[in-house]
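Note sheet for the following structure.
Every heavy atom of this structure was used, including side-chain atoms; hydrogens, water molecules and symmetry mates were not. Every chain is numbered from 1 and lettered A, B, ... according to where its sequence line falls, protein lines coming before strand lines.
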Protein chains: 2
Amino acid sequence: MFRAAEYKGQRAIAVAPCVPISPAVGEVQIQVSHCGICGTDLHLFHGNMDHRVTLPQVIGHESSGTISALGEGVVDWEVGDRVTVRPLAPCGDCSTCRRGHSHVCPNLKFIGIDAPGAMQGLWTIPAHTLHRLPAALSLLDAALVEPIAVACHDVRMGRVTSGEFAVVIGGGPIGALVALVARHHGARVVVTEINPFRVQLLREMGLEVLDPRTTDVPAFVQVETERDGADVVFEVSGSASGAELMTKLGRVRARIVVVAVFPKPVLVDLHKMFWKEQEMIGTRVYEPVDFDEAIALLTAGEVPFRSLITGVYPLDDVQKGLVEMEQGADVMKTLVDCSS
Amino acid sequence: MFRAAEYKGQRAIAVAPCVPISPAVGEVQIQVSHCGICGTDLHLFHGNMDHRVTLPQVIGHESSGTISALGEGVVDWEVGDRVTVRPLAPCGDCSTCRRGHSHVCPNLKFIGIDAPGAMQGLWTIPAHTLHRLPAALSLLDAALVEPIAVACHDVRMGRVTSGEFAVVIGGGPIGALVALVARHHGARVVVTEINPFRVQLLREMGLEVLDPRTTDVPAFVQVETERDGADVVFEVSGSASGAELMTKLGRVRARIVVVAVFPKPVLVDLHKMFWKEQEMIGTRVYEPVDFDEAIALLTAGEVPFRSLITGVYPLDDVQKGLVEMEQGADVMKTLVDCSS
C-alpha cells in the first residue's frame with residue numbers, strides 16, 4: 001500500500017513499494033505526511049553523493065508525520081504523536097560531540113543521505129531525532145520546519161539583532177527563509193536575486209529585493225546605511241560573484257555568514273576582512289534549539305513561510321520536481337505528499 | 001643637531017636635519033630614542049603608499065622616547081616622562097568610532113604614514129597617543145611595544161585560552177610575536193616558516209617550527225591533536241599557500257585569524273569553513289588595552305621578545321635596513337637609534 005521514492009543512480013528516481021522496517025530499540029516508525037525537496041536532494045540526484053548512498057536509496061529529510069510504531073525503550077512518545085524529524089545522527093563520542101557541536105560531528109550520519117530518507121509511507125528512525133508538533137500546526141506546513149531551522153541557525157550564528165541592516169545574497173528557498181527570519185528578528189533585510197520568479201515571490205512577501213546585475217549593491221548599502229555598511233551579510237548563493245560581494249557590503253566588524261555550499265575554493269578579499277576587522281562565520285544545519293524556534297515561528301503564523309510552497313506533488317513526481325529545480329523553473333519550495 | 005630619516009619617493013631614504021615642531025594644543029614633543037623598522041615601512045619604501053604620504057616624509061611608528069615639550073592643555077604628562085606611542089589618530093565622529101572601534105576608523109590617520117613618523121630626533125604628536133613606560137623597561141626594549149601590541153590584539157581577537165593548540169602560519173616578526181604571546185597565554189604553538197635564519201631564531205626561543213615544504217602540516221596537526229584539529233590558526237604569511245592551509249588546519253568551530261595583508265583576493269576554501277563551522281576573524285592594529293598588555297609583558301621579562309632584535313642601526317642605515325628586509329637577509333627586527 002505505502003510507496004517510496006528511491007534514487008537508483010544515474011539521475012533516476014523510481015517509485016517502488018515501501019518496505020516497512022520494524023523499529024529497533026530506541027527507534028520509532030513514522031507514517032510520513034509530507035517531505036520537501038531540498039537542494040541537497042538535487043545534489044544527490046546529480047550523483048555527487050554516490051559515495052555516501054546505498055542504492056536504491058530512499059531520499060528526503062524535510063519531513064512531517066505521525067508516529068505509527070514504537071521500538072523498545074522509547075518512553076517519551078506514543079503512537080499517534082505528530083512530529084517532525086531533525087535528521088542528524090552524530091557519533092556522540094568524538095571531540096566535536098563532547099564539545100557540544102554534535103550537529104557538525106565529523107562522523108555525522110545525515111538521515112536521507114547516509115541512511116534511508118523520508119520520501120516513503122512508513123519511515124523508521126531514531127527517536128532522538130523527533131520534535132513534537134503543536135496541534136495548531138498542519139502536517140503540510142510542518143514539512144517546512146527543517147529548512148526554517150537552517151535559517152534560524154544561520155540568523156542565530158550571525159547574531160542578528162533588532163534594528164540591524166542585513167543583506168542576503170541569493171534568494172532561493174534558504175536565502176528567502178534567512179531573510180524572513182532575520183526580518184522577524186527586527187532587521188531591515190535586503191535580498192539580492194536574479195531569477196525573476198523568485199524576485200516576484202520575495203517581493204510579494206514584502207521583502208526588498210535587488211538585482212545585482214542592474215543595481216550597484218555596495219553603493220545602495222552605503223547610501224541606505226549612511227556610509228556605514230551592512231551589519232550582517234548572508235552568502236547563500238554559492239557563487240563567485242557572491243563571494244566577491246560579501247566583504248564589500250559589510251561595515252567594520254560586520255558578520256559575514258557563509259551559508260552556501262561552495263563546491264570549490266573561491267576568491268575572497270581577505271584584505272577587506274582585515275581592514276574592516278570583519279568576521280566570517282561558517283554555518284551548517286542546526287541544533288535542537290533551532291528546530292524549537294522554527295516550530296514556534298511556524299505555529300505563531302506571523303511570518304509568511306507558506307508562500308514559499310509553490311507545489312505539492314505526489315511521490316510519482318519527485319523526479320519531475322528535481323528536474324524543475326535543476327532547470328530553474330518557476331518553483332521555490334516543492335513538497336511531496338508521501339501518503340500518495 | 002637632531003636628524004631625521006625621510007622617504008623621498010623612488011625607493012630612496014635620505015637623512016636630513018630634523019625640523020622640530022612646537023607642540024600645539026593637546027600635543028607633545030618627544031625626544032625619540034628608538035624606532036623599529038616595520039613591514040609597513042618597506043611597503044611605503046616600495047612606493048605603494050605614495051598616495052598617502054607627503055614628500056619628504058619622515059617614516060617610522062614603532063617608537064620609544066622621552067617627552068621634551070608640552071603643548072597647551074596637556075595635563076597628564078610632564079617633560080621627562082618616558083613613553084611609547086600608539087600611532088593612531090581616528091576621527092572620533094564616525095559610526096565606527098561611535099561604536100567603539102576607533103582603531104579601525106575609516107578616516108583613521110596612521111602616524112608615520114598619513115602624518116610624519118618617529119625616525120627623527122624630535123617628534124611632535126597628539127598626547128592621546130601616549131602610553132607611559134615603567135622605569136624598569138629600557139627605551140631600547142620599549143621600541144618593541146607597538147609590534148607586541150599587534151600580537152596581543154591578534155591573540156585577544158582569536159580568544160586564545162590556556163591549553164589550546166595554535167598554529168601560526170608565517171614566522172616573521174609579527175608571526176613570531178603572535179606565537180610568543182599565544183604561548184604565554186598557555187597555548188601549545190606551532191609555527192610554519194621557510195626562511196632558515198628565522199626558523200633557527202624561533203627554535204632558539206623554544207618555539208616548535210615546521211617547514212611546510214617538507215612537513216605535511218595538516219597531517220602533523222591531526223596527529224598531535226588526536227584527529228581533532230587546531231583550536232586557532234593565525235594567517236600571518238599573506239601567501240596563497242597560507243590561505244589554502246588555514247582552513248585545513250582548524251578543527252570544528254576553530255578560529256582563523258587573518259593578520260596578514262593580502263594584496264589581492266586569494267582562493268579560500270569556504271566549503272571547509274561551512275563544513276566545520278569555522279570562524280574567520282580579520283584583525284588590524286590594536287586598541288589601548290593591547291598596548292597596556294604589551295608593556296606589561298615586556299616589563300615582566302618572562303617572554304624572550306628581545307631575542308627578535310637582530311640589529312640596532314643609526315639613522316644613516318635606515319635604507320640599508322629596508323633593503324635587507326626586502327632581500328630576505330638574516331634579519332628579524334631591526335631597530336633604529338633615532339638619537340644618532
Side-chain angles (χ1 to χ4, degrees), chain A residues 94-108 153-154 157 225-229 231 235 238 240 242-244 246-248 250-285 287, chain B residues 94-108 153-154 157 225-229 231 235 238 240 242-244 246-248 250-285 287:
Chain A
C94 67
S95 60
T96 299
C97 286
R98 290 199 301 273
R99 228 180 240 117
H101 309 313
S102 62
H103 67 298
V104 285
C105 162
N107 310 312
L108 186 75
H153 186 66
D154 297 335
M157 294 283 283
T225 61
E226 295 179 350
R227 304 200 60 72
D228 192 15
D231 299 290
E235 207 316 294
E244 186 187 347
M246 63 187 182
T247 53
K248 285 184 186 165
R251 62 163 167 84
V252 165
R253 296 264 179 126
R255 291 92 64 197
I256 299 170
V257 186
V258 177
V259 176
V261 178
F262 282 86
K264 59 181 185 180
V266 66
L267 288 172
V268 176
D269 189 345
L270 294 183
H271 188 270
K272 280 215 173 55
M273 285 201 64
F274 154 84
W275 193 254
K276 298 196 272 186
E277 289 202 332
Q278 292 174 337
E279 175 185 358
M280 195 181 294
I281 307 161
T283 62
R284 184 157 70 99
V285 293
E287 294 170 89
Chain B
C94 67
S95 59
T96 299
C97 286
R98 288 199 304 273
R99 229 181 238 117
H101 309 311
S102 62
H103 67 299
V104 285
C105 163
N107 311 312
L108 186 75
H153 185 66
D154 298 335
M157 294 284 282
T225 60
E226 296 179 350
R227 306 200 58 71
D228 192 16
D231 298 292
E235 207 315 296
E244 186 187 347
M246 63 186 184
T247 53
K248 285 184 184 165
R251 63 162 167 85
V252 165
R253 295 264 179 126
R255 290 93 63 198
I256 298 169
V257 186
V258 177
V259 176
V261 178
F262 282 86
K264 58 181 184 179
V266 66
L267 289 173
V268 176
D269 189 344
L270 294 182
H271 188 270
K272 280 215 172 54
M273 287 203 62
F274 154 84
W275 193 254
K276 299 197 270 187
E277 289 202 333
Q278 292 173 337
E279 176 185 357
M280 194 180 294
I281 306 160
T283 62
R284 184 157 69 99
V285 293
E287 293 169 270

| side-chain contact (heavy atoms from CB on, under 4.5 Å) partners for B:Thr283, two or more places apart | A:Glu277, B:His153, B:Asp154, B:Met157, B:Val257, B:Val259, B:Ile281
| remark: To the nearest 0.5 Å, atom NE2 of B:His271 lies from atom CZ of A:Phe262 at 10.5 Å
| Can you tell which of A:Lys264, A:Gln278, A:Arg251 has the highest number of heavy-atom pairs within less than 4.5 Å of chain B? | A:Arg251
| message | Counting only non-hydrogen atoms closer than 4.5 Å, does A:Arg99 touch chain B with its backbone (N, CA, C, O), its side chain (CB onward), both, or neither? | response | side chain
| message | Heavy-atom cut-off 4.5 Å, strictly under: side chain, backbone, both or neither for A:Arg255 against chain B? | response | neither
| Hey, which of A:Val104, A:Val252, A:Val285, A:Leu270 has the most heavy atom pairs under 4.5 Å with chain B? | A:Leu270
| Name of the residue among A:Asp269, A:Val258, A:Val268 meeting side-chain contact (heavy atoms from CB on, under 4.5 Å) with B:Val268 | A:Val268
| remark: Highest number of heavy-atom pairs under 4.5 Å with chain A among B:Ser95, B:Gly229, B:Ala243 belongs to B:Ser95
| task | Could you tell me which portion of A:Arg253 (side chain, backbone, both or neither) has an atom closer than 4.5 angstrom to a non-hydrogen atom of chain B? | result | side chain
| Below 4.0 angstrom, N of the basic side chain to O of the carboxylate: do B:Arg98 and A:Asp228 qualify? | no
